[in-house]
Amino acid sequence: LFVNSALLTMYGKCSSLEDAQCMFDGLSQRDVVSWTAMLAAYVELGQEDKALQLYRQMQNEGVTPSDITLACILRACSSAGILKLCRQIHDSLVSTSYTLSPLLANTLIHAYGRCGSMVDARSVFDTMPQPSVVSWTALIAGYAREGNSQASLQCYEEMQLACTRPNAVTFLSLLSACSHAGLVSNGVQYFESMTRDHGITPGIEHYGSLVDLLGRAGYFTTLQNLMLTMPMPPD
RNA sequence: GAACACGA
């Protein structure tokens, strides 16, 4: 039922895998949503192997996965770095539908990025008619993760040319890209631009990134000044 | 009713 799936989700978010598992096993009626809710709980709590196992079981019982189910599986692949399964799912999606849903395209970009294949991530991105801020951010984050900070910054330029508005997460990814490469002035510019040009109030995470950037690059006096203007003490 | 990008 509807209520059961909602409850499963709650257990997942409250980190009680046991309860979720127990409840799922006790369900008399299971539909795609219940299966997916259980999968999502496993993925959320870092049990990728369990998630994949459940996925096989689901297939064996003849339940057809929805886009959301596949997104959960891709998330499991990305955490576990299973590039092969990403490709497999991707291929089967391409062969059955002409265009990927934005959700799946975004998830694939993310998954390929986490599995270290930015070439694949980029090719998925390039098929999107209307990349959203999530798509762009996933791409930027993927390049940053790979250590290709220049590509991250370049993506950001492209994104602006495409008139897509960055959000708080986009800036976190950019700051992390700058941090890896020691691009202090770029990072500081992004930080300032975030509020000035986009009206985004920096959160504690943004300050954290900036501190990281300055610290790694040895800008200790700038860092001290920053601490004085921060709304919250460090963590 | 399940689901996407940052997360030390």
Side-chain angles (χ1 to χ4, degrees), chain A residues 1-13 20 23-24 27 29-44 46 51 54-55 58 63-79 86 89-90 93 100-114 118 121-122 124-125 128 130-146 149 152 155-156 159 164-180 187 190-191 194 200 202-213 215-216 234-235:
Chain A
L1 292 155
F2 293 176
V3 181
N4 288 328
S5 300
L7 265 175
L8 261 180
T9 311
M10 278 308 301
Y11 284 137
K13 307 254 189 226
M23 177 173 177
F24 180 77
L27 290 181
Q29 301 272 20
R30 297 173 188 163
D31 63 3
V32 205
V33 179
S34 4
W35 283 95
T36 305
M38 192 61 231
L39 273 176
Y42 279 136
V43 176
E44 178 78 35
L54 193 70
Y55 178 53
M58 175 180 169
V63 181
T64 307
S66 67
D67 277 11
I68 298 181
T69 312
L70 294 176
C72 290
I73 298 300
L74 284 170
R75 235 179 106 196
C77 296
S78 58
S79 309
C86 291
I89 291 174
H90 184 190
L93 282 169
L100 293 170
S101 69
L103 168 64
L104 282 174
N106 291 338
T107 308
L108 275 168
I109 294 169
H110 173 241
Y112 277 136
R114 296 277 307 226
M118 284 313 291
R122 182 78 211 199
V124 172
F125 181 89
M128 297 187 75
Q130 315 250 18
S132 69
V133 60
V134 174
S135 325
W136 283 106
T137 303
L139 200 60
I140 289 170
Y143 283 126
R145 202 202 77 93
E146 187 184 60
S149 304
S152 291
C155 272
Y156 181 62
M159 176 179 168
T164 303
R165 317 271 342 209
N167 64 18
V169 178
T170 312
F171 281 108
L172 273 176
S173 303
L174 284 170
L175 287 171
S176 135
C178 293
S179 196
H180 278 112
Y190 286 138
F191 190 84
M194 173 168 67
I200 299 168
I204 187 75
E205 313 84 9
H206 296 93
Y207 282 103
S209 278
L210 194 56
V211 166
D212 185 63
L213 171 63
R216 283 199 200 206
D235 48 350

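Every chain is numbered from 1, with letters handed out A, B, ... down the list of sequences.
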Can you identify which nucleotide, out of [options], has its nearest atom closest to the [X] side chain?
{"X": "L103(A)", "options": "C6(B), C4(B), A2(B)", "value": "C4(B)"}
{"X": "L172(A)", "options": "A5(B), A2(B), C6(B)", "value": "C6(B)"}
{"X": "A37(A)", "options": "G7(B), A2(B), A3(B)", "value": "A2(B)"}
{"X": "A141(A)", "options": "G1(B), A5(B), A2(B)", "value": "A5(B)"}
{"X": "T107(A)", "options": "A2(B), C6(B), C4(B)", "value": "C4(B)"}
{"X": "S66(A)", "options": "C4(B), A2(B), G1(B)", "value": "A2(B)"}
{"X": "S5(A)", "options": "A3(B), G1(B), C6(B)", "value": "G1(B)"}
{"X": "R114(A)", "options": "A5(B), A3(B), C6(B)", "value": "C6(B)"}

[X] vs [N]: side-chain N/O to OP1/OP2 distance below 4.0 Å:
{"X": "H110(A)", "N": "C6(B)", "value": "yes"}
{"X": "R75(A)", "N": "A3(B)", "value": "no"}
{"X": "K13(A)", "N": "A3(B)", "value": "yes"}

Between the side chains of [X] and [Y], does any donor sit under 3.5 Å from an acceptor?
{"X": "S176(A)", "Y": "S179(A)", "answer": "no"}
{"X": "S149(A)", "Y": "S152(A)", "answer": "no"}
{"X": "D31(A)", "Y": "S34(A)", "answer": "yes"}

Distance check needed: [N] [atom2] versus [X] [atom1], whole Å only.
{"X": "I89(A)", "N": "A3(B)", "atom1": "CD1", "atom2": "C1'", "value": "14 Å"}
{"X": "Q130(A)", "N": "A5(B)", "atom1": "CD", "atom2": "P", "value": "21 Å"}
{"X": "L175(A)", "N": "G7(B)", "atom1": "CG", "atom2": "P", "value": "12 Å"}
{"X": "W35(A)", "N": "A3(B)", "atom1": "CH2", "atom2": "P", "value": "18 Å"}
{"X": "F171(A)", "N": "G7(B)", "atom1": "CZ", "atom2": "P", "value": "17 Å"}
{"X": "M58(A)", "N": "A2(B)", "atom1": "CE", "atom2": "P", "value": "16 Å"}
{"X": "F125(A)", "N": "A5(B)", "atom1": "CZ", "atom2": "P", "value": "16 Å"}
{"X": "Y156(A)", "N": "C6(B)", "atom1": "OH", "atom2": "P", "value": "18 Å"}

Between the base of [N] and the side chain of [X], is there any donor-acceptor pair under 3.5 Å?
{"X": "N4(A)", "N": "G1(B)", "answer": "no"}
{"X": "D67(A)", "N": "A3(B)", "answer": "no"}
{"X": "T170(A)", "N": "A5(B)", "answer": "no"}

Show me the donor-acceptor pairs, under 3.5 Å and distance only, between side chains in residues 2-11 of chain A and residues at least two apart or in other chains.
{"residue": "S5(A)", "atom": "OG", "partner": "L1(A)", "partner atom": "O", "Å": "3.3"}
{"residue": "T9(A)", "atom": "OG1", "partner": "S5(A)", "partner atom": "O", "Å": "2.7"}

At 4.0 Å (heavy atoms only), tell me whether [X] reaches a base, stays on the sugar-phosphate, or touches nothing.
{"X": "S132(A)", "value": "nothing"}
{"X": "S176(A)", "value": "nothing"}
{"X": "L1(A)", "value": "base"}

- Note on the structure: From the list I109(A), N106(A), L108(A), side-chain contact (heavy atoms from CB on, under 4.5 Å) partner of F125(A) resolves to I109(A)
- Message: Just to verify, what does R165(A) make a salt bridge (charged side-chain N to carboxylate O under 4.0 Å, His left out) with, not counting sequence neighbours?
- Response: none
